[in-house]
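In what follows, every heavy atom counts, from backbone to side chain, and hydrogens, waters and symmetry copies are set aside. Worth saying up front: this structure is predicted, and the values here are computed from it rather than measured.
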Amino acid sequence: MLDRRRVLQTLAGLFLSAIGLGSYAYAWEPTRQGVTRYRLKPARWPQGETLRLAVISDLHVGGPHMPVSRVRAIVDQTNLLQPDLTLLLGDFIASRPKRPDDPPEAAWAAELARLRATHGRFAILGNHDWWHDARAQRDYRGPTEVRLALEAVGIPVLENDARRLDTKAGPLWLAGLGDQLAFLRPRRGQRRGIHDLAATLAGIDDDAPVILMAHEPDVFARMPARVSLTLSGHTHGGQVRILGWSPIVPSHYGNRYAYGHVVENDRDLIVSAGLGTSKLPLRFGAPPEILLIELG
């Protein structure tokens, strides 16, 4: 027969372990961010030239782990990396309905305005930046409040658009795809997203490398070889990650594009785990991160 005391001790140990893991996943891991570094030479990259990209994604300001004061600390940490370009991959807003105590857009936008990069700062929008905006959802069009807040502090927002930049590594195209999940309840005949990959790339008229920002990584499955590097967020690395596998990933492709550097058919994708939390206010095995990507 099983010893009753041993059974109770085992159950108590499991209970306390569960409490400890839960506390870690809620109170510890989501509140800290490190710097994750990648080094690669994507297709069409000029020989011998280098460029440093800092990438911030999925802040979800107003969520339980992202007050404006933490945005300030993230900006300070990013500036210390001395990037050539700083790229913001969307989902600036907490993933829930608006509340009276939400930080105003101007407050966190003012902090992001302090980002410094040799060749500028650029942003795209994520699904929550659309979902959070009642007017945009009602009228099925932008500009969203988030876009206006970013542009008011001098941060350009790219939506189905590309810009040619002259950088220390030579010319390159920076493209931003419109969000693929912009509308919560699309009308009959209305698409779920505003993304238009063909229009995004249509203005690219030379052979300079292309870096494309797409909030959701799913578009990478049909990304043309012309795009040297695709950068995405949205998945939060699954937010719970066990031995490199996530039980829930907000992607049609599951863990295929959940996190990290993905290479398919000589095309490069990097998916950030982001910084805030969505839906469940916890992280386990997918700590918040700022990316530093060294090209060349």
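A 4.5 Å side-chain heavy-atom check between L87 and L174 finds at least one atom pair inside the cut-off. Using a 4.5 Å heavy-atom cutoff, the side chains of H65 and L275 are not in contact. Side-chain atoms of E289 and S272, non-hydrogen and from C-beta on, do get closer than 4.5 Å to each other. Considering only heavy atoms from C-beta on, I74 comes within 4.5 Å of M66 through its side chain. The shortest distance between side-chain heavy atoms of W108 and L59 does not fall below 4.5 Å. With a 4.5 Å cut-off on side-chain heavy atoms, L53 and P83 do not count as touching.
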Q) Checking side-chain hydrogen bond (donor to acceptor under 3.5 Å, both in side chains) for the pair D268/H261: CA distance, chi angles, key distance, verdict? A) CA-CA 7 Å; D268 289 283; H261 185 194; 2.6 Å; yes
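Of the charged side-chain nitrogens involved, none lies within less than 4.0 Å of a carboxylate oxygen, so that E145 and R135 do not count as a salt-bridged pair. Salt-bridge annotation for R147 and D129: absent, with no side-chain N of the basic residue lying under 4.0 Å from a carboxylate O of the acidic one. Here R256 pairs with E264 in a salt bridge; the nearest charged N to carboxylate O distance falls below 4.0 Å.
To the nearest 0.5 Å, the span separating CG on L88 from OG on S57 amounts to 9.0 Å. One distance of note links CD1 of I270 with CG of L231; it measures 6.0 Å at 0.5 Å rounding.
Linking ILVMFWY residues whenever their side-chain heavy atoms come closer than 4.5 Å, directly or via other members, leaves V271 and V55 in distinct clusters.
Although no hydrogens or angles enter the test, the distance criterion places no donor-acceptor pair under 3.5 Å between the side chain of R164 and the main chain of L172.
A donor-acceptor pair shorter than 3.5 Å cannot be found between the side chains of N160 and H195. No side-chain donor from either of D133 and T144 sits under 3.5 Å from a side-chain acceptor of the other. Side-chain atoms of R70 and Q33 form a donor-acceptor pair, as typed in the model, at a separation below 3.5 Å. Side chains of H128 and H215: no donor on one and acceptor on the other come within 3.5 Å.
When all heavy atoms of S246 and G238 are compared, the closest pair comes out as OG-CA, 3.5 Å. Nearest heavy-atom pair, W130 versus R141, reported as atom, atom and distance to 0.1 Å: CZ3-C, 3.7 Å.
A cation-pi arrangement is absent between R191 and F183 under the rule of less than 6.0 angstrom and at most 45 degrees off the ring axis.
More than 12 heavy atoms of other residues, nucleotides or ligands shown are found within 6.0 angstrom of CG on D206.
For the side-chain hydrogen bond (donor to acceptor under 3.5 Å, both in side chains) criterion with H236, the lone passing option out of H60, R241, K279 is H60.
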